[in-house]
Amino acid sequence: MDRSIHEITLPLKVIIGSGILDKIPDYLSKMKFTNQYRAGIITGPTTYNVAGRIVEESLKNNGYNVEVWKARDARMETANQIVEETKTHSIKIFLGVGGGKSIDLAKYAAYKNNGYMISVPTAASHDGIASPFASLKGTDKPTSTPTTTPYAIIADIDVISKAPPQLIRAGVGDLLGKLTAVKDWQLAHRLKGEYYGEYAAQLALLSAKHVIRYHELIASGNPDGIRIVVEALISSGVAMCIAGSSRPASGSEHLFSHALDLLAPGKALHGEQVALGTIMMLYLYGDPKWKKIKRIMKKIGLPTTAEEIGIPIETIVKALTIAHKIRPNRYTILGEKGLTEEAAWRLVRETGII
Ligand SMILES: NC(=O)C1=CN([C@@H]2O[C@H](COP(=O)(O)OP(=O)(O)OC[C@H]3O[C@@H](n4cnc5c(N)ncnc54)[C@H](OP(=O)(O)O)[C@@H]3O)[C@@H](O)[C@H]2O)C=CC1
Ligand SMILES: O=C(CO)COP(=O)(O)O
Ligand SMILES: [Zn+2]
C-alpha cells in the first residue's frame, strides 16, 4: 500500500436507539436518499424474522422498491451470487440486517455495485458493524476483503438486547481479542517494519479495556451494558477504518479462530473462538493478564475450555499448528513456522483449555 497517501472513510452517521427500525426511511431521507433508489435487504433466516421484515415493511410503506436476500452463510460463492442478483435489480442501497455474516455480505455487494451500505446490526456479536472489510469464507484461506465503509449504522438497542445472550458475550470476546491483535501489530512493526498506526492501535485497545472495565454491567444484561458493547464494537470498526486494514482488530487470536472455521465450521461463534485464542496468545507473549482475561470470560459466561466451546481438544491443537498459514503476510507471535504439535499441547495444558 502506498503510505504517502492515506485515505480514511468513516461512517457518516451512527444512530443507536430503542425501537428505531421502522424509522429507517426517515433516516434515509435525512441522508438525502429518496425512494427512487432501489433497496436490497441482506439478512439471514432468523434475523429476517427478528428485524428484516420490519425494515422491509417500513421501506415498502414509504414507497421504496425492496428486494430481500436471506443468506445462510458468508461464503465467497454466496457473496458473488448476491452481487449478481442485486446488479440485476439495480440495487443502490444495501441494508445488512443481521449478524456479522449478513453485514459482511451487504458490504461486499454494496462495494461491487458501487452502492451505499447501511449497517443494521441485530446482535452485538462482532466488530464488523462499522468496519470497511468483509470476512468471506469458503476458501482455504479466509480473507478480509476491502469493501466499502458502512455509510450509516442504525443499531436498535431493543432488538440487540433481545438477541440470545451468547451473541453479546461473543461481542465481548471479539473485543478482548484486541489485546493480542495490537501486540501482534507492534511485533510486526518491530520485526518486519510493517506500518503501525498508534492512534488506531490505541482506539482498538480502548474498546477492549472499556468492556473489561464494565464486564459486570454487561454480564447483568442491563441495556446500558449492551450499549457499551455496541459502542465499543463500532469504535473498534472505526479503528480498522483509520488503519486501512483489520490489523488493529485481528492478530494471532483471529488466525486461530479462522483455523477453527476451516476445521470445525459452525461449531462456535466467531467471538467465542477469538476469546479462547486470546487467552492462549497472551500466554505466548508471557503476559500474566491471560489469567485475568480468563477469569472475566468465566464470569460473563464465555467458554474457556475445549469442552465448553464444544470443539474437540485435538481440533484446537491442530488449529494452533496451522493458524500461521492462514494469512502468511500477517506476522504474529506464531511466527513464520507456527507452533509445533508439542508446543500446542503444552499451550492448551498450561492455559487450562484442556
Ligand atoms: N468484517 C469484519 O470486519 C468482521 C467480520 N466478522 C465476521 O462476522 C461473523 C461473525 O458474526 P456473528 O454475528 O457472530 O455471526 P452470524 O452473523 O453468523 O450470526 C450468528 C447467528 O446469530 C443469529 N442472530 C443474529 N442476531 C440475532 C437476533 N437478534 N436474534 C436471534 N438470532 C440472531 C444469526 O441468524 P441468521 O441465521 O438469521 O443470520 C446466526 O444464526 C463471522 O463471519 C466473522 O468472520 C467479525 C468481525 C469483524
Ligand atoms: O474479525 C475481524 C476483526 O474482529 C476481522 O478480521 P479478519 O481480517 O481476520 O477477517
Ligand atoms: Zn473478529
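Residue indices begin at 1 and follow the sequence shown.
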Do [X] and [Y] sit in the same hydrophobic cluster, where Ile, Leu, Val, Met, Phe, Trp and Tyr count as joined when their side-chain heavy atoms come under 4.5 Å apart?
{"X": "W290", "Y": "I296", "answer": "yes"}
{"X": "I300", "Y": "V230", "answer": "yes"}
{"X": "I91", "Y": "I41", "answer": "no"}
{"X": "V83", "Y": "V66", "answer": "no"}
{"X": "I42", "Y": "Y37", "answer": "no"}

Give a yes or no answer on whether the side chain of [X] reaches the backbone of [Y] with a donor-acceptor pair at less than 3.5 Å.
{"X": "T340", "Y": "A343", "answer": "yes"}
{"X": "Y196", "Y": "V182", "answer": "no"}
{"X": "H254", "Y": "G277", "answer": "no"}
{"X": "K13", "Y": "Y27", "answer": "no"}
{"X": "D156", "Y": "I20", "answer": "yes"}
{"X": "H189", "Y": "E194", "answer": "yes"}
{"X": "T305", "Y": "I354", "answer": "no"}
{"X": "T180", "Y": "G177", "answer": "yes"}
{"X": "H324", "Y": "K337", "answer": "yes"}
{"X": "K92", "Y": "A110", "answer": "no"}

What's the verdict on side chain to side chain contact (heavy atoms under 4.5 Å, CB included) for S236 and L175, showing C-alpha distance, side-chain angles and the deciding distance? CA-CA 8 Å; S236 173; L175 290 168; 3.9 Å; yes
If you define the side chain from C-beta out and look only at heavy atoms, does anything of [X] sit under 4.5 Å from [Y]?
{"X": "L28", "Y": "L59", "result": "yes"}
{"X": "I24", "Y": "I118", "result": "no"}
{"X": "K183", "Y": "S252", "result": "no"}
{"X": "I309", "Y": "K267", "result": "no"}
{"X": "L187", "Y": "T332", "result": "no"}
{"X": "S125", "Y": "D174", "result": "no"}
{"X": "N35", "Y": "N62", "result": "no"}
{"X": "W185", "Y": "Y195", "result": "yes"}

Roughly how far, to the nearest 0.5 Å, is [atom2] of [Y] from [atom1] of [X]?
{"X": "L176", "Y": "L282", "atom1": "CG", "atom2": "CG", "answer": "9.0 Å"}
{"X": "E231", "Y": "I228", "atom1": "CD", "atom2": "CD1", "answer": "7.5 Å"}
{"X": "I103", "Y": "L95", "atom1": "CD1", "atom2": "CG", "answer": "10.5 Å"}
{"X": "H270", "Y": "K101", "atom1": "NE2", "atom2": "NZ", "answer": "14.5 Å"}

Shortest non-hydrogen contact from [X] to [Y]?
{"X": "Q273", "Y": "A268", "value": "OE1-O, 3.6 Å"}
{"X": "P150", "Y": "S131", "value": "CD-O, 3.3 Å"}
{"X": "A79", "Y": "L136", "value": "CB-CD1, 4.0 Å"}
{"X": "T47", "Y": "S102", "value": "OG1-OG, 4.3 Å"}
{"X": "L105", "Y": "I82", "value": "CD1-CD1, 4.1 Å"}
{"X": "D22", "Y": "G19", "value": "OD1-O, 3.8 Å"}

Just wondering, are more than 12 heavy atoms of other shown residues or ligands nearer than 6.0 Å to [atom1] in [X]?
{"X": "N61", "atom1": "CG", "answer": "yes"}
{"X": "Y111", "atom1": "OH", "answer": "no"}
{"X": "Q202", "atom1": "CD", "answer": "yes"}
{"X": "K292", "atom1": "NZ", "answer": "no"}
{"X": "E85", "atom1": "CD", "answer": "yes"}

[Y]/[X] salt bridge by N-O under 4.0 Å criterion:
{"X": "R346", "Y": "E342", "answer": "yes"}
{"X": "K60", "Y": "E56", "answer": "yes"}
{"X": "D224", "Y": "R227", "answer": "no"}

Mind jotting down which residue pairs meet the ring pair (Phe, Tyr, Trp, His ring centres under 6.0 Å) criterion with at least one end in residues 133-166? Sequence neighbours excluded, please.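 Residue pairs passing ring pair (Phe, Tyr, Trp, His ring centres under 6.0 Å), neighbours aside: F33-Y151, Y116-Y151.
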Walk me through whether K107 and T145 qualify under side chain to side chain contact (heavy atoms under 4.5 Å, CB included). CA-CA 10 Å; K107 273 185 220 170; T145 308; over 6 Å; no
For residues 205-217, please give each side-chain donor-acceptor pair under 3.5 Å, one per line with the distance, not counting sequence neighbours.
from : atom 1 : to   : atom 2 : distance (Å)
S207 : OG     : A204 : O      : 2.5
H215 : ND1    : I212 : O      : 2.6
E216 : OE2    : K299 : NZ     : 3.0

Here's a test for you: under salt bridge (Lys or Arg N to Asp or Glu O under 4.0 Å), which of R330, K192, K325, R327 qualifies with E336?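 Between E336 and the candidates, salt bridge (Lys or Arg N to Asp or Glu O under 4.0 Å) is satisfied uniquely by K192.
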If you apply the rule side chain to side chain contact (heavy atoms under 4.5 Å, CB included), what do you find for D127 with M240, and how did you get there? CA-CA 9 Å; D127 62 358; M240 290 189 250; 3.5 Å; yes
Could you walk me through whether L167 and H126 satisfy the side chain to side chain contact (heavy atoms under 4.5 Å, CB included) test, starting with their C-alpha distance in whole Å, then the side-chain angles of each, then the deciding distance to 0.1 Å, before giving a yes or no? CA-CA 9 Å; L167 289 166; H126 63 98; over 6 Å; no
Without hydrogens or angle criteria, can the side chains of T86 and K112 be said to hold a donor-acceptor pair below 3.5 Å?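 No.
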Is a donor from one side chain sitting under 3.5 angstrom from an acceptor on the other, for E253 and T278?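 T278 and E253 do not have a side-chain donor-acceptor pair below 3.5 Å.
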